[in-house]
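See below for the structure under consideration.
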Amino acid sequence: MATTKVDPKLNENNVGKKAKTYQGLTSQQLIDAYRIMFTSRRIDDREILLKRQQKVFFQISGAGHEAMGVAAAFALKPGYDWFYPYYRDRALCLALGATPLEMLLGAVGAADDPSSGGRQMPSHWAFKRLNVVTQSSATGTQILQAVGCAEAGRYFTGHPKAAQKSEGNYRQFKDVQFHGDEITYVSLGDGTTSQGEFWEALNAASNRRLPVIFCVQDNGYAISVPVEVQTSGGNISRLVSGFPNFHFEEIDGTDPVVAYAAFKRVAEYCRAGHGPAFVHAQVIRPYSHSLSDDERLYRPDSERQADAARDPVHRLQMFLLREGILDEKGINKIEKEVEEQVQADADRALEAPVPQPETIYNYVYSPDLDPTSAAFQTHPAPAAQETAADGKRSADSPNKASQNKTMADLINTTLRDEMRRDERVVIFGEDVADCSREAYIKQRQVKGKGGVFKLTAGLQTEFGSDRVFNSPLAEASIVGRATGMATRGLKPVVEIQFFDYIWPAMMQLRDELPTMRWRSNNAFSAPVVVRVAIGGYLTGGAIYHSQCGESIFTHTPGMRVVFPSNALDAAGLLRTAIRCDDPVLFLEHKRLYRETYGRAPYPGPDYMVPFGKAKIVQPGNNLTVITYGAVVTRALQAAQKLEREHHVSVELIDLRCLNPFDWDAIAASVKKTNRALIAYEDSLSWGYGAEIAARIADQLFHHLDAPVKRVAATDTFVAYQPILENAILPQTSDLFRAMKELAEF
Ligand SMILES: Cc1ncc(C[n+]2csc(CCOP(=O)(O)OP(=O)(O)O)c2C)c(N)n1
Ligand SMILES: [Mg+2]
């Protein structure tokens, strides 16, 4: 075994009377480590056999990475610290307390697979009791979530009352546990260090001195791509060495004693609150990338043999023999016991019940709290008065100003009321704070910003910089960290400054946030609210400040999508979003923030609108217009003109919420009017209206007297010059013309 980089203080083997230890590991612990590592390897072997027999459907191994995992688990505390492992961390999970049977249940896709109930590939670990958080296949997404997890631990330590349960909202279903000195472990491969999210995570953890251990398991390859192609200079340690506040370790990860010593040091550093740590471990990958890969196609025998000589299972066996900790008989006994156990567990797994097809819809959304239910229906409080940050009633109440709150006003007020009510609500995003340099605000040198649209103005000043803060300019980081925080029970209400810039967060928004609950079979969830400024009609917004694109998110199961058209609905729907138990994309139309239309008095601190309930803006008999967002006012103007000039009576439906949407309201209206027009601001083809049109055609065909029509933007981007913008976005005149044609059909 290598003895380099050994801390002599840890080595107690020179104390004559004491039992010999190795970097603090006792002989018994080394025997345990061997048993776990051998078990991990044997489960891989068993799964490979079962795959060849077509009894399991995918296999990816932890072979070659076992020593690292055992060492990390021995230095950390399951069920106390938090773990974001990746698919090679089989030995880590076994050492934390997962059982071979649990792993084999995952391999066969059994109903009782604790990681996913047969929904994810094997080796995508989740063990709730051990604080092993559900993992996806997307390389790198776990890293930002781990950062958010660590941030949540720190937040609860500073706000212990926030950890308490409360009734009637998501908190009822989110148990919180935390420890002031907890650590979050996250691992990844060498190839994954190329992902931008890796760098965003290091930056955030470094800057906030978070207790995160980043463990890079460097096996030299990402499938067939060697490390020197991934990483400039071929060594990730060299590239990250400039991050402040980190403790760095670069080790031979095939040596459990060396790895354990490193993990002891980094755990001590993180637990003491000094900051994050980075463990870069050289390991091997003897079984190709997965069973779908044959590394002989791109690695010569010479290279593979050199790796084999470093096999960690073999090395530990040799070490135990050499040190006289076990003799051959002892090794054989362990191996026989492991073989028998893995065989027996595989047999049990093959007999285990499989999940039933009718369960596929379970846990797309929270089974506990239904945001469409009457519990989320309240009425505006008459003559409600706002309370300012200093506790005084709003000075202008109840004069006209307080009767005429804009959407921007009421979103700001709703955020403030919910932050007062629920200490778990935290807000972050780009520019959302009043002023990051607090002293300027405290000394009244500046007034503060509070968002580029001022929607979060005053919140940092009232609630402090640990509840409202600016994030780096990195959208994946905003959503990924929020996901990690929400997994722990916080309620992040984060902001994406412009819909046009949501795309860096797309991996988190599509593959992570809405999948957490379903893919973990309800073991984990992340009910984050993502507020996004969206839409055009801005005169000068152009292509990168005016786009829509909501259908991409309504096409994502697990994600609630809300799009209010007026101040009162925005307040009621935002409160429902914050109190509910699902992730919500809350789309705020920039043009509507300060529109004269749709202003409303302050509805009080408990006003809610349930999801999936449309509003009949105007009842009518001759045709139905289904719309939402900024098109609502334009459609209303067109409908009123049509009534005035042609006596056509239009029923105008504002959907308010796009997922779930109010099919009952649409169906009832179309059955009455027999004509339907769907109007939306996004570009026409493949847009939100396509689904509504298809459903009407499918389910209401016999009620139709005319084809289903759509009015939407052109299939272009939104342009800067107002003449072009007008031609591109649906105008009142376009809506009028389409309604008239439909009425006359
Ligand atoms: C975002 C993303 N891109 C591509 C893939 C396909 N893929 C899965 S594993 C992998 C290689 C990962 O290499 P590395 O990070 O070195 O981990 P290793 O498998 O070598 O342990 C790739 C490209 C993926 N899962 N996710
Ligand atoms: Mg690799």
Side-chain angles (χ1 to χ4, degrees), residues 40-41 44 58-69 72 84-93 116 120-125 134-146 185-202 214-232 234-237 239-240 250-254 259 278-295 297-299 303-304 307 310-312 476-477 479-480 483 503-513 515 519:
S40 180
R41 188 67 64 89
D44 279 333
F58 180 76
Q59 210 282 331
I60 192 154
S61 83
H65 294 232
E66 294 97 338
M68 283 296 298
Y84 285 74
Y86 88 121
Y87 46 81
R88 304 249 185 250
D89 272 325
R90 187 190 294 288
L92 170 98
C93 292
S116 80
Q120 288 225 78
M121 286 172 156
S123 299
H124 289 57
W125 318 112
T134 172
Q135 295 306 297
S136 77
S137 299
T139 55
T141 45
Q142 75 275 23
I143 319 173
L144 285 166
Q145 293 168 21
Y185 162 98
V186 61
S187 56
L188 56 142
D190 46 290
T192 299
T193 64
S194 298
Q195 294 283 2
E197 293 193 12
F198 166 75
W199 297 94
E200 291 181 24
L202 289 186
F214 296 85
C215 175
V216 174
Q217 303 185 15
D218 183 351
N219 55 23
Y221 278 88
I223 309 185
S224 69
V225 183
V227 65
E228 71 275 14
V229 174
Q230 295 286 349
T231 305
S232 182
N235 184 318
I236 192 63
S237 282
L239 298 194
V240 301
E250 190 177 355
I251 57 165
D252 177 354
T254 61
F278 191 88
V279 179
H280 176 199
Q282 310 288 349
V283 294
I284 59 161
R285 193 196 66 179
Y287 286 3
S288 294
H289 172 72
S290 72
L291 220 56
S292 317
D293 173 48
D294 179 359
E295 68 174 4
L297 296 175
Y298 51 87
R299 297 185 78 185
E303 195 180 299
R304 299 177 63 236
D307 263 14
R310 295 173 57 224
D311 188 306
S477 172
V479 179
T483 302
W503 312 117
M506 198 59 197
M507 182 75 100
Q508 293 286 346
L509 284 168
R510 169 79 198 181
D511 282 351
E512 298 294 331
L513 183 56
T515 69
R519 78 183 194 212

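Keep in mind that this is a model prediction, so the values were computed, not measured. Throughout, numbering of the chain's residues begins at 1 and tracks the sequence. Whatever order the structure lists ligands and atoms in, that order sets their numbers, starting from 1.
Close to ligand 1: R88, with a non-hydrogen atom less than 4.0 angstrom away. For R285, the heavy-atom gap to ligand 1 stays at 4.0 angstrom or more.
Closest protein heavy atom to atom 6 (C) of ligand 1: I223 CD1, 4.7 Å.
Note: H289 and Y87 have perpendicular aromatic rings, judged against thresholds of 30 and 60 degrees for the angle between ring planes.
Annotation: protein N, O or S atoms under 2.8 Å of the Mg ion (ligand 2) (waters excluded) comprise D190 OD1, N219 OD1, Y221 O.
Between the Q195 side chain and the T193 main chain, no donor and acceptor come within less than 3.5 Å of each other.
Atom 12 (C) of ligand 1 is flagged as protein-proximal [any protein heavy atom, distance under 4.0 Å].
At a heavy-atom distance under 4.0 Å, only backbone atoms of Y221 (N, CA, C or O) approach ligand 1. For Q195, every heavy-atom contact with ligand 1 shorter than 4.0 Å involves the side chain, none the backbone.
Residues Y86 and T192 form no side-chain contact, since every pair of their non-hydrogen atoms from C-beta on lies 4.5 Å or further apart.
Salt-bridge formation is detected for the pair R41/D311: a Lys NZ or Arg NE/NH1/NH2 atom is positioned less than 4.0 Å from an Asp or Glu carboxylate oxygen.
Under the side chain to side chain donor-acceptor pair (under 3.5 Å) test applied with H124, the options S137, S136, S116 reduce to a single match, S137.
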